[in-house]
Amino acid sequence: DAGVIQSPRHEVTEMGQEVTLRCKPISGHNSLFWYRQTMMRGLELLIYFNNNVPIDDSGMPEDRFSAKMPNASFSTLKIQPSEPRDSAVYFCASSGLADTQYFGPGTRLTVL
Amino acid sequence: GQSLEQPSEVTAVEGAIVQINCTYQTSGFYGLSWYQQHDGGAPTFLSYNALDGLEETGRFSSFLSRSDSYGYLLLQELQMKDSASYFCAVRDPPNTDKLIFGTGTRLQVFP
């Protein structure tokens, strides 16, 4: 298996622009998680899906962030409009068992 | 809510043994997990303890004491490649798919 796939790996954009991050989970996994990691705040869960349904979005910082999972093999995290404070590494992870999450390589986002 | 505490940094030399502790407070407990993250990399799963005792996987072992709300990760025969951050994590009931991660312990291994 190829593991969790994320794209792009790096994104540099200007403040105010829309950013879309993409994730393909491991085939057969039924849970998908979006995390954000910064030095100041550590690893934060933004939202997670189970069987393509959003279960907990309490970590989504504000309305500028939205996430979708239209099918079992694809999810997006969108930031619109982006701000410099959104600069971070965004990880997608998937899980077939509740205590073993497999992380993608991450997207390093820089908002200028 | 859930909270976890672990030391921010640990240093050791090659060949040594190091223990990384984790204490937790949870409203419901389903097990303690450990993840490793190298600089610039993604967290990777190391181990999971649901019951008291020691679980051994090669040079790494993980221990849990549910009565003490405490666990640790033991790394033996340290190698330079073990330099990384190590996170403990617990489930967040009632959302049992959701993990709460500690702030991480940065391990530096010196030659």
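Just so we're on the same page: letters track the sequence lines, and every chain starts at 1. This is a predicted model, so every value here is computed, not measured.
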(message) Would you say that B:D97 contacts A:F33 through its side chain, given a criterion of any heavy-atom pair below 4.5 Å between the two side chains?
(response) yes

(request) Tell me whether A:W34 is reachable from A:Y102 by hopping between hydrophobic residues (I, L, V, M, F, W, Y) whose side-chain heavy atoms are closer than 4.5 Å. (result) no

(message) Please check this pair: side chain of B:Y35 against backbone of A:Q101, looking for a donor-acceptor N/O pair closer than 3.5 Å.
(response) yes

(request) Among A:R108, A:E44, A:Q37, single out the residue with the greatest number of heavy-atom pairs under 4.5 Å to chain B. (result) A:Q37

(message) More than 12 heavy atoms of other residues, nucleotides or ligands under 6.0 Å from CD of B:Q108: yes or no?
(response) yes

(message) Do B:T44 and A:F103 make a side-chain contact, defined as non-hydrogen atoms from C-beta onward lying under 4.5 Å apart?
(response) no

(request) Using the rule that two of Ile, Leu, Val, Met, Phe, Trp, Tyr join whenever any of their side-chain heavy atoms come within less than 4.5 Å, decide whether A:L46 and A:V53 are in one cluster. (result) no

(message) Just verifying a value: how many Å separate B:K98 NZ and A:N50 CG, rounded to the nearest 0.5 Å?
(response) 14.0 Å

(request) Compare every heavy atom of B:A42 with every heavy atom of A:G104, then report the nearest pair and how far apart it is. (result) O-CB, 3.0 Å

(message) Are B:I100 and B:Y70 connected into the same hydrophobic cluster when the rule is that any two of I, L, V, M, F, W, Y join if their side-chain heavy atoms are below 4.5 Å apart?
(response) no

(message) Taking A:Y35 as the starting point, is it possible to reach A:F49 by hopping between hydrophobic residues whose side chains are less than 4.5 Å apart?
(response) no

(message) Distance check, rounded to the nearest 0.5 Å: A:L43 atom CG versus B:F87 atom CZ?
(response) 6.0 Å

(request) Indicate if A:L77 and A:V89 have the same hydrophobic cluster label, given that clusters are the connected sets of ILVMFWY residues with side-chain heavy-atom separations under 4.5 angstrom. (result) no

(message) How long is the straight-line distance from CG of A:D56 back to CG of B:D92, given to the nearest 0.5 Å?
(response) 7.5 Å

